Amino acid sequence: MSLCIVANWKLNGSREFNQQWALEFFKHFNGDNFSSLGIAPASVYIDHLQGIFNNRGIKIGAQNIDFLETGARTGEISAPMIKDLGCEFSIIGHSERRILFDETNQIICQKLIQANNCSLIPILCLGESDEENQANNTFNVLEKQIIEALTGITELSSLIIAYEPIWAIGSGKIPNPEEINSVHEMIKDVVQSRFPKIGLKSVLYGGSVNFKNASSLFKQKNIDGALIGGASLDGKEFALIANVFNELKVLK
Ligand code: 13P
C-alpha cells in the first residue's frame with residue numbers, strides 16, 4: 001500500500017519528543033499496515049527515528065530536498081543524502097517553502113526529478129490562497145501548479161500529491177469534504193490526461209486534519225489519505241487518525 005497517512009512535523013521535535021511520540025503511537029494504533037504511514041521529521045532526526053522504529057515498516061521521509069545533487073550550497077540537504085539515511089519519500093513544494101523560501105514551480109520540478117532519480121516517492125504539495133479561493137480560482141491555480149511542476153518530466157514512477165489549501169493550514173478551517181473530493185478528482189484528471197507516464201498513486205488532503213474531522217474526510221472517494229501537521233505532533237492523535245483511516249478505507 002502506498003503512503004496514506006503522513007505526519008509533517010515541520011520545525012518541531014527533539015530526541016526526547018521522538019521517544020515519547022513512539023510510545024504514545026504504539027499504545028493507540030490498532031492496525032498492522034505500517035507501510036501506509038509516514039513521518040517527515042526535521043532532517044537531523046531522521047536517523048534517530050529510524051532507530052526507534054527499527055524496521056517496523058513506518059516510512060520515514062524528509063520535509064524537503066535540494067534541487068541539486070551536490071555543490072556549494074551551504075545548509076542544503078540532497079536527495080541522495082536523504083536516500084542514504086534510508087528514507088523512502090520527501091515532501092516537495094510545501095506552501096511554507098513556496099512562500100517563505102521563494103520556491104517556484106520550476107525549482108519544484110527539479111526537486112521532483114531529484115527525488116525520482118533516488119527512488120524517493122515525492123509528495124508534491126499544491127494549494128490555493130484564501131483570496132484565490134474566494135475568487136473561485138482554485139481549479140486554475142492548481143492546474144497551473146501541476147502543469148508547471150510536471151512539465152519536462154517525461155516519466156515519474158511514483159507521485160503522491162497533497163492538496164493543501166493555504167488558508168486551511170494551521171487555521172482550524174477546512175473546505176467541506178465534498179469540495180475537497182471534487183478538487184481531488186480534478187487533480188487526478190489533470191495529471192492522468194496531461195501526464196499519462198506519471199504514476200500518480202494517490203491524492204492526500206492536508207490542512208487542519210484532526211481526529212474529529214478525519215472520518216468526514218476519509219468517507220470521500222477521492223480523498224486517499226492525509227498530510228497532517230499540528231495534530232501529528234501527538235502520537236496518540238496520529239494513531240487515532242490512522243485507525244479511522246483503516247476502518248473507512250482499508251477494512252471496508
Ligand atoms: P496542519 O495540519 O497543522 O494544518 O498543517 C498541515 C500541513 O501543512 C501539513 O503539511
Side-chain angles (χ1 to χ4, degrees), residues 2-13 17 21 24-25 36-43 45-46 49 58-65 82 87-101 103 108 111-112 115 120-130 132-133 138 141-142 145 149 159-177 179-180 183-184 187 201-218 220 223-245:
S2 161
L3 271 170
C4 301
I5 306 293
V6 182
N8 176 6
W9 285 354
K10 306 189 181 183
L11 188 55
N12 296 286
F17 171 90
W21 192 96
E24 284 298 308
F25 172 78
S36 62
L37 306 176
I39 305 174
S43 297
Y45 292 119
I46 288 171
L49 262 193
I58 298 180
K59 295 184 167 80
I60 309 289
Q63 297 173 13
N64 176 44
I65 49 173
I82 292 300
C87 285
E88 295 181 60
F89 71 95
S90 178
I91 298 171
I92 292 180
H94 191 283
S95 60
E96 286 151 17
R97 296 217 51 95
R98 292 176 187 257
I99 295 166
L100 303 172
F101 302 96
E103 272 187 22
I108 288 163
K111 293 187 177 196
L112 292 172
L120 290 168
I121 302 169
I123 302 182
L124 167 65
C125 298
L126 311 173
E128 82 286 1
S129 67
D130 197 17
E132 289 162 341
N133 183 273
T138 301
V141 170
L142 300 181
Q145 289 174 348
L159 173 69
I160 293 175
I161 287 183
Y163 169 50
E164 300 205 317
I166 297 167
W167 52 274
I169 295 176
S171 66
K173 294 188 275 187
I174 65 168
N176 81 48
E179 274 172 45
I180 301 173
V183 170
H184 284 204
I187 291 171
K201 301 288 180 215
S202 50
V203 181
L204 315 181
Y205 169 76
S208 298
V209 175
N210 56 36
F211 172 57
K212 287 201 185 115
N213 59 28
S215 71
S216 68
L217 296 167
F218 300 147
Q220 298 295 324
I223 301 182
D224 304 316
L227 179 56
I228 310 162
S232 78
L233 294 172
D234 179 338
K236 175 180 173 184
E237 183 151 10
F238 187 77
L240 296 180
I241 296 170
N243 291 343
V244 172
F245 179 82

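If you're wondering where the values come from, they're calculated on a predicted model, not measured in any experiment. Numbering of ligands and ligand atoms starts at 1, following listing order. Quick note: residue numbers are just sequence positions, from 1.
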(message) Under the rule for side-chain hydrogen bond (donor to acceptor under 3.5 Å, both in side chains), what residues qualify as partners of S129, not counting sequence neighbours?
(response)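 Result, side-chain hydrogen bond (donor to acceptor under 3.5 Å, both in side chains) vs S129: E132.
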Would one find an N or O of [X], backbone or side chain, under 3.5 Å from an N or O of ligand 1?
X    : value
G230 : yes
S208 : yes
E164 : yes
G207 : no

(message) What verdict does the side-chain contact (heavy atoms from CB on, under 4.5 Å) test give for H184 and E179, after you've listed the backbone C-alpha separation in whole Å, the side-chain angles of each residue and the deciding distance to 0.1 Å?
(response) CA-CA 9 Å; H184 284 204; E179 274 172 45; over 6 Å; no
(request) Could you give me the CA-CA distance, side-chain angles and deciding distance for I121 and I160, then say whether side-chain contact (heavy atoms from CB on, under 4.5 Å) is met? (result) CA-CA 7 Å; I121 302 169; I160 293 175; 3.8 Å; yes
(request) Report yes or no: does a heavy atom of A231 sit under 4.0 Å from some atom of ligand 1? (result)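 False for this residue.
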(message) One thing to verify: whether E103 and R97 come together as a salt bridge, which I'm taking to mean a side-chain N less than 4.0 angstrom from a carboxylate O.
(response)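 Judged by the 4.0 Å cut-off on N to carboxylate O distance, R97 and E103 do form a salt bridge.
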(request) Give the atoms of ligand 1, by number and element, whose distance to some non-hydrogen atom of N8 is under 4.0 Å. (result)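 Counting from 1, the qualifying ligand atoms are 9 (C), 10 (O).
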(request) Could you tell me which atoms of ligand 1, counted from 1 in the order shown, lie closer than 4.0 angstrom to a heavy atom of L227? (result)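 So the answer, numbered in order with elements, is 9 (C), 10 (O).
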(request) Provide the closest heavy-atom pair for A149 versus I108 in the form atom of the first, atom of the second, distance. (result)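 Taking A149 first and I108 second, the nearest heavy atoms are CB-CG2, 4.1 Å.
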(message) Heavy-atom pairs closer than 4.0 Å: do any link ligand 1 to the side chain of I169, the backbone, both, or neither?
(response)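 Both backbone and side chain.
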(message) Are F17 and W9, when compared by the centres of their aromatic rings, separated by less than 6.0 Å?
(response)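 So the answer is yes for these two rings.
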(message) How far is atom 2 (O) of ligand 1 from the closest protein heavy atom, and which atom is that?
(response)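 In this structure, atom 2 (O) of ligand 1 has G229 N, 2.9 Å as its nearest protein heavy atom.
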(message) Tell me whether the count of non-hydrogen atoms from other residues, nucleotides or ligands lying under 6.0 Å of CG in L11 goes above 12.
(response)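 No, the 6.0 Å shell around CG holds no more than 12 heavy atoms from other groups.
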